Amino acid sequence: MSFEDLGLTPDTLKAVTESGYTTPTPIQEQAIPVVLMGRDVLGVAQTGTGKTAAFTMPMIDILADGRSKARMPRSLIIAPTRELAAQIADNFIKYGKYHPLNMALLIGGESMSDQEKALDRGVDVLIATPGRLLDLFERGRILLNDVKIMVIDEADRMLDMGFIPDVERIVSLLPKIRQTLFFSATMNKEIRKLADQFLMNPKEIAVAPQATAAATVVQGLVMVRNEDKREALRRILRAHNVHNAFIFCNRKRDVDILFKSLEKHGFSAVALHGDMPQSKRNDMLAKFKANEAELLVCSDVAARGLDISDVGHVINFDVPVHAEDYIHRIGRTGRAGKAGHAFTLSSPGDHKQLAAVEKLLNGPIPPLVVAELGALALSADIAAAETEKEGPRARRGRAPRRPPRKTAPVDDIAVVQQPTLDFSPPPEAVAPEPVVEEEKQAAKSRPPRERKDSRHDRNRDVRGPQDRARKTRRNPHGIAEMDIDDDVVAFGGFTPAFLLVDPYGGKGAPQEIANVPEDVDDEDDLSHETVSASPAETNLDLSPTGGDITELAARSS
Ligand code: AMP
């Protein structure tokens, strides 16, 4: 089948041809005609399958007729991360180059006033992360009554990040009669429930992730002590001549530490995590994409959606806390049928997380032999013995901060059993590098991480995603509050200190709770940040139609 058979307009086809695509991918083949018919779609597809084009191309044609009004977008696309939202915007620019559509990108960390100005001019395509969209809605800067097409992208990621209550709120603000396109990389009961809630008689389209992506990725595991990881990484980078790699850490602060360490050792690196101001995130990513930096040290915020070609290596500096993230991380390399390498550094303390990844892969990750590692590489026997020696804490592994996901097993991902990899140079070339003592000292003398919020800040939202979903309120001490009827005299929404009982009797939290990593990068939509950056709109060509928002609200109600 060719693109011409899908029912797209000549202008869109011209843009597709100029993109260099000759054949539609399976999701494009199935979804484009259905979207053009105006039907809802439930798409189960990962990034890398061409799903973004599967919804952007037909949307461009549908929106080609009609005109947007100030502050009333005609279509809305919700994405979980800013980078993914920006990538969707790039797709609209690429395929919509022959259509005069106005687009605005509403993401946290960018200047609000620029986004407000874009909305005032009227937008055909609004791409947003949920938090920033709701912020602007609550400020009265946007009305959603005119949305004809809504896309929810990466629904499973939204669920993991606790955005579903926000998405439900957004959907409740849209007209009942609309077209909804819902995409998720995985399907489980919760996702199915959401799909039932948001979609009407959808066409279900499921495509297996491109088998070639996984099949072309050579995987390898290095067992190494935690304190030797940075040194081991440097040796692997040099031995394997790595020039274009994602290096994943589980925690944001480790991203910063590793980035500084690599820079100090002369590597060309940039860093990316969810706590960085958006302007810096954009800069870092742009540098990496332009090959101005060879290594991107990042958290899982970069594990999904980012589509950068020619990434030769993914290195897991930490075994991911959630096994599925392993699949998403290694999917950054070996794209479009190219060869890729995915190496994982695992310490004895990562035993449980590693077991979960290997269970998901249906087999062990083959050992990677790099002679330059010398004594840093632990044999399986030593690693097992050290796991025992570290005691129950190591065997248990670090407890995930988020509840375990209930996603379906990733059994459709082709995992090729790799032979043991040996990149050893001849023995005489092996020169063990001195261990950098100052790094160890710096790690020891680091002051404890500053908390962003005071524990006693009454306004702090201490609810987790599940609480938010259940609408359970918690006081600043993390204790769930009762729902009190309006006619009952009580202490308002706050529990006085004298009523609080310390659940640990003054002895502090037990080890397994105290060990939970605090800054796992699982929240990206930092919509309440106030960081200014460059304007996020593109292709704006309509003059403002004006109109006070209250007036518009009154007119539309
Ligand atoms: P996505 O799944 O949307 O993240 O797309 C993954 C990559 O596939 C992107 O780099 C797209 O530019 C590319 N792509 C999308 N459609 C096609 C196509 N029909 N032929 C070749 N590449 C495509």
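Counting starts at 1 for both ligands and their atoms, following the listed order. These numbers were taken from a predicted model, which means no experiment stands behind them.
Looking at Gln28 against ligand 1, only its side chain comes within 4.0 Å, counting heavy atoms. Residue contacts with ligand 1, taken as heavy atom pairs separated by less than 4.0 Å, do not involve Thr22 at all. Of the heavy atoms in Lys94, only side-chain atoms (C-beta onward) come closer than 4.0 Å to ligand 1.
Near Thr23, the atoms of ligand 1 lying under 4.0 angstrom from a non-hydrogen atom of the residue are 18 (C), 19 (N), 20 (N). Interface of Phe3 with ligand 1, defined as ligand atoms under 4.0 Å from a residue heavy atom, comprises 19 (N). Annotation for ligand 1: atoms under 4.0 Å from non-hydrogen atoms of Thr52 are 1 (P), 3 (O), 4 (O).
In this structure a side-chain-to-backbone donor-acceptor pair under 3.5 Å is present from His341 to Gly312.
Across the listed options Tyr21, Tyr95, Phe55, Tyr21 owns the non-hydrogen atom lying nearest to atom 17 (C) of ligand 1.
Side chains of Arg141 and Gln115: a donor-acceptor N/O pair is absent below 3.5 angstrom, by distance only. A donor atom on one side chain and an acceptor atom on the other are found under 3.5 Å apart for Glu18 and Tyr98.
For the pairing with Asn282, the side-chain hydrogen bond (donor to acceptor under 3.5 Å, both in side chains) check across Glu110, Lys287, Arg82 returns one residue only, Glu110.
Residue Thr49 has at least one nitrogen or oxygen atom sitting less than 3.5 Å from a nitrogen or oxygen atom of ligand 1, judged on distance alone. Remark: ligand 1 and Gly50 share an N or O pair separated by less than 3.5 Å (distance only, no angle test).
Look at Lys229 and Asp350 and you find a salt bridge, because one of the NZ, NE, NH1 or NH2 atoms lies within 4.0 Å of a carboxylate O, short of that distance.
The aromatic ring centroids of Phe183 and Phe55 lie less than 6.0 Å from each other. In this structure, the ring of His240 has its center less than 6.0 angstrom from the ring center of Phe343.
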